[in-house]
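This structure is in structure tokens; I'll ask about it shortly.
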Amino acid sequence: MNETFDFVVVGSGGGSMCAALALRAAGKSVLILEKTSLVGGTTAASGGVMWIPNNRFMKSEGIEDSEEKALAYLDAVVGDHPDAPGASRTRRIAFVRQAPKMLDFLVSQGIRLRRLPSWPDHYQQPGESVPGRAVVSELFDIVQLGEWKARLRPGFLPLPANLDEATQLPNFKRSWAAKKVLFRVIGRTLADKLGGRQRATAGQALQAQMLHAALKAGVEIRLDSPVQRILVESGRVTGVLVEKDGIASNIGARLGVLINAGGFAQSQRMRDQFIPGTSVGWSLVPETDTGEMIEEGLRIGAAVAQMNQRIGFQVALPPGDRPVKAGVQSDMSKPHAIVVDQSGVRYIRESGATVDFCRGMIERNRTVPAVPSWMVVDSQYLRKYMLAGTMPGAKKPQSWFDTKFLRRGGTLEELAADCGMDAAKLRASVDRFNGFVRKGRDEDFRRGESAYDRWLGDALHPASPSLGTIEEGPFFALQVFPGDVSTFGGLVTDEHARVLRADGSAIPGLYATGTSTASVMGPVEAGGGGSIGPTFTWAYIAAGHAVQTSGTAPIPTAAAT
Ligand SMILES: Cc1cc2nc3c(=O)[nH]c(=O)nc-3n(C[C@H](O)[C@H](O)[C@H](O)COP(=O)(O)OP(=O)(O)OC[C@H]3O[C@@H](n4cnc5c(N)ncnc54)[C@H](O)[C@@H]3O)c2cc1C
């Protein structure tokens, strides 16, 4: 070995700095190796929401939850699948028990977090939490990072606004509450400018806080350092082979190596093998998510599973030199919008979990062309709601019409002709949907019946947050693709986050977390933050196991108050 640490982490994603902090708290040396020139991974570019059942913030706000309730919910929505070892009941129990402890640990390390005031769980099932179990970072001034500021991966929301504030902003013309939020965010932006601050939000704030704490705790972080090999001696993982500035070196890890190197959302080769019919071109995940550490795990004898799973997320692909893919889940969950297949037939609940929507779209495509599908809206919609990243009521870019990204028809029949749909089928779909709107009940797909659907809808729409007629011309349509925000399959790990071989035995010294692993969520995303909550938790579990096996006292945590 060229050098040796107690623990080596591959990738600077969600759990990396959490594990590193935990090991530092136990007095261990830690090295994080990141292949890109930026810290934070997809986690920094994300909403940064963590699904943490039975958490301290729920308790302090008097919101009912318990291990039993959370487990009942996971049991109901994840289910038991023999081919999904990552989502086994043993792992579900470990996750539910350890996630709140992980959160307490972060708080004890000075990480400032809060409950999102509302993000209902995604499924109406026993144990569901309607207020939700979502935890996010407080805004964080990244100027505090000094020279590391430039090395933090940019976030997806360039405003000093909390997520719950950001979702209200588009309503500023329709609601006094939203106007107040707008003024608050403008005030904060000006105050930051005057005060020399740069407050980040969402995933960037989370990873900035983690980076700040990790540096303070003496964690060593090396960028531009791709790990190329996991080193194994006599069946035990002893370190990694890393390349830095063209020079390869072996780095030893006395207690273990944690793989937190993301999934394979940006590898078309792996998609074609494991999730055929999906494209990197529809993914919102950064280009670094290329799956090589999952393949490296396979090379040294690890088992992989759930490789066909992902967090589907419906997107539209607006034109432009540097096209920005637009997530459209929230758009299509608003009243006055439906989704139809290429023949013009409504076949799916537009609201609800994105995983299910995208899965449904691909399933439909087996019998009727439905990838892409059409999102159809009327003029009432365009006045009130955002469309593919543009503000309500705003004139849509001419290029959208020139390139036929956005189609327009004076009547539904004209729109259908322009889109190549069967006009009679589109008319029948819209008439049937309008009938449901008038009855106040979507008899085909039950849109609007779950708390999550209603939360995604429009609280200011008098009759129903989810249902509104499509009747005022001109009418508009745009294509929607089954994109994603993550793959969800990978290395099989046990309840201690140890990587397993196909025979179920653990590979000594090797741990994994995050989207490099087969997810504890199985085929679903149970609630908002269903990736990052587990990523942090399994990293914390891995650190705890490594410390425990070294014979050191357990990692200290704060009392849950
Ligand atoms: C726009 C958007 C919003 C989202 N919002 C949320 C949300 O709010 N909540 C939620 O739960 N999920 C969300 N997701 C999904 C979530 O962000 C990801 O699933 C999650 O962040 C993945 O975390 P990770 O720790 O597995 O990996 P990452 O955070 O992606 O980190 C992996 C890191 O490993 C590095 N790496 C890879 N290979 C190597 C190597 N060989 N050597 C060294 N380094 C390597 C990568 O460069 C990367 O920095 C969102 C995704 C997107 C795109």
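Note: hydrogens, waters and symmetry copies are ignored here, and every other heavy atom, side chains too, is used. What you are looking at is a predicted structure, and each value in this text was computed from that prediction instead of being measured. Each ligand, and each atom within it, is numbered from 1 in the order the structure gives.
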Main-chain N/O of Ala388 paired to Asp331 side chain as donor or acceptor, under 3.5 Å: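 Present.
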Residue, atom name and distance, where the atom is the protein heavy atom closest to atom 1 (C) of ligand 1: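 Of every protein heavy atom, Ala45 O, 3.9 Å lies nearest to atom 1 (C) of ligand 1.
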Atom indices of ligand 1 within 4.0 angstrom of Leu284 heavy atoms, with elements: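 The list of qualifying atoms is 53 (C).
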Where ligand 1 meets Gly530 - atom numbers and elements under 4.0 angstrom, heavy-atom basis: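 Ligand 1 atoms under the 4.0 Å threshold to Gly530: 11 (O).
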Donor-acceptor under 3.5 Å (Lys244 side chain, Leu223 main chain):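 Confirmed, Lys244 side chain pairs with Leu223 backbone.
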Polar proximity ligand 1 side, Ile532 side, N/O cut 3.5 Å exclusive: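 Among all N and O atoms of Ile532, at least one is under 3.5 Å from an N or O of ligand 1.
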Any N or O of Thr515 closer than 3.5 Å to N or O of ligand 1: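 N/O-N/O distance below 3.5 Å exists for this pair.
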Gly41: numbered ligand 1 atoms lying under 4.0 Å from its heavy atoms: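 Here the atoms of ligand 1 in question are 28 (P), 29 (O), 30 (O), 31 (O), 48 (C), 49 (O).
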Heteroatom distance test (Thr42, ligand 1): nitrogen or oxygen, under 3.5 angstrom: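 Yes - when backbone and side-chain N and O of Thr42 are compared with those of ligand 1, one distance drops under 3.5 Å.
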For Thr36, atoms of ligand 1 separated by under 4.0 Å from a heavy atom: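 That gives atoms 47 (O) of ligand 1.
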N/O donor-acceptor pair under 3.5 Å between Thr354 side chain and Gly312 backbone: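 At least one qualifying donor-acceptor pair exists.
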Under 3.5 Å: donor-acceptor pair, side chain of Gln329, backbone of Gly352: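 Looks like yes, one N/O pair under 3.5 Å.
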Nearest-contact summary for atom 24 (P) of ligand 1 - protein heavy atom, Å: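 Result: Asn260 ND2, 3.6 Å.
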Close N or O approach (Gly14, ligand 1; < 3.5 Å):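 Yes, there is a polar N/O contact under 3.5 Å.
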For Thr43, the ligand 1 atoms whose distance to one of its heavy atoms is below 4.0 Å: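 Here the atoms of ligand 1 in question are 20 (C), 21 (O), 23 (O), 25 (O), 28 (P), 29 (O).
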Part of Glu292 within contact of ligand 1 (heavy atoms, under 4.0 Å):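 Side chain only; the backbone of Glu292 stays clear of ligand 1.
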Close-contact set for ligand 1 against Thr535 heavy atoms, below 4.0 Å: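 Those of ligand 1 that fall under 4.0 Å from Thr535 are 25 (O).
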Gly483 backbone acceptor or donor facing Arg310 side chain under 3.5 Å: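 Yes, because the side chain of Arg310 sits within donor-acceptor range (under 3.5 Å) of the backbone of Gly483.
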Identity and separation of the nearest protein heavy atom to atom 5 (N) of ligand 1: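 That would be Gly47 N, 3.0 Å.
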Contact (N/O only, under 3.5 Å) between Met293 and ligand 1: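 Not met; the criterion fails.
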Backbone N/O of Gly262 and side chain of Asp289: donor-acceptor pair under 3.5 Å: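 A pair under 3.5 Å: no.
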Test item: Gln266 side-chain N/O and Val285 main-chain N/O as donor-acceptor pair under 3.5 Å: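 Flag set: sc Gln266 to bb Val285 pair under 3.5 Å.
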Full working for side chain to side chain donor-acceptor pair (under 3.5 Å) between Thr493 and Arg91: CA-CA 9 Å; Thr493 51; Arg91 286 213 351 129; 2.8 Å; yes
Protein heavy atom at shortest distance from atom 27 (O) of ligand 1: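 It is Gly262 CA, 3.7 Å.
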Pair Glu295-Arg269, salt bridge (charged side-chain N to carboxylate O under 4.0 Å, His left out): steps then yes or no: CA-CA 12 Å; Glu295 295 191 311; Arg269 178 178 56 77; 3.0 Å; yes
Residue part near ligand 1, for Gln228, under 4.0 Å between non-hydrogen atoms: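 Under 4.0 Å from ligand 1, Gln228 contributes no heavy atoms.
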Gly40 heavy atom under 4.0 Å from ligand 1: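 Yes, Gly40 has heavy atoms under 4.0 Å from ligand 1.
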No-hydrogen, no-angle side-chain donor-acceptor test under 3.5 Å, Ser12 and Arg153: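 Judged by distance alone, the side chains do not pair up.
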Option with minimal heavy-atom separation from atom 16 (C) of ligand 1, where the choices are Ser16, Ser531, Gly533, Pro534: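 Considering heavy atoms of Ser16, Ser531, Gly533, Pro534, the nearest to atom 16 (C) of ligand 1 sits in Ser531.
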Closest to atom 44 (N) of ligand 1 (judged by heavy-atom distance), picking from Lys35, Glu525, Glu243: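 Among Lys35, Glu525, Glu243, the closest heavy atom to atom 44 (N) of ligand 1 belongs to Lys35.
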Atom 9 (N) of ligand 1 [closest protein heavy-atom partner, distance rounded to 0.1 Å]: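 Heavy-atom neighbour on the protein nearest atom 9 (N) of ligand 1: Val49 O, 2.9 Å.
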Atoms of ligand 1, numbered as shown, that sit under 4.0 Å from any heavy atom of Pro226: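 Near Pro226, meaning under 4.0 Å from one of its heavy atoms, ligand 1 has 42 (N).
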Atom 47 (O) of ligand 1: nearest protein contact (heavy atom, Å):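 Ranking protein heavy atoms by distance from atom 47 (O) of ligand 1, first comes Glu34 OE2, 2.7 Å.
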Proximity to ligand 1 by part of Ser486, non-hydrogen separation under 4.0 Å: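 The part of Ser486 near ligand 1 is the side chain, not the backbone.
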Polar proximity ligand 1 side, Gly48 side, N/O cut 3.5 Å exclusive: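 N/O-N/O distance under 3.5 Å: yes.
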Backbone of Val30 reached by a side-chain donor or acceptor of Asp6 within 3.5 Å: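 Side chain of Asp6 to backbone of Val30: no pair is present.
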Polar atom proximity, Val227 to ligand 1 (N or O, under 3.5 Å):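 Indeed, backbone or side chain, Val227 has an N or O that close.
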Nearest-neighbour protein heavy atom for atom 31 (O) of ligand 1, which is reported as residue plus atom name and distance: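 Nearest protein contact, heavy atoms only, for atom 31 (O) of ligand 1 is Gly13 CA, 3.0 Å.
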Pair Gln168-Asp164, side-chain donor/acceptor within less than 3.5 Å: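 The answer is no; no qualifying pair exists.
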Donor-acceptor contact present, side-chain Gln204 to main-chain Ser46, <3.5 Å: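 Flag not set: sc Gln204 to bb Ser46 has no pair under 3.5 Å.
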Parallel, tilted or perpendicular, as decided by the 30° and 60° cut-offs, for the rings of Trp51 and Phe95: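 Ring orientation, 0 to 90° scale: parallel.
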From Glu34, Glu3, Glu243, residue fulfilling salt bridge (Lys or Arg N to Asp or Glu O under 4.0 Å) relative to Arg222: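 Single pass found, and it is Glu3.
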Geometric class of the Trp119/Tyr452 ring pair [parallel <30°, tilted 30-60°, perpendicular >60°]: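 Judged by the thresholds at 30° and 60°, the geometry between Tyr452 and Trp119 is parallel.
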Polar side-chain atom of Gln306 near backbone of Gly86 as donor-acceptor pair, under 3.5 Å: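 Yes.
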Enumerated ligand 1 atoms positioned under 4.0 Å from heavy atoms of Gly514: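 Those qualifying, in numeric order: 26 (O).
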Val485 and ligand 1 - part of the residue with a heavy-atom distance under 4.0 Å: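 Val485 to ligand 1: contacts from backbone and side chain alike.
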Which residue and heavy atom of the protein sit nearest atom 14 (N) of ligand 1, plus the separation: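 Result for atom 14 (N) of ligand 1: Ser46 CB, 4.0 Å.
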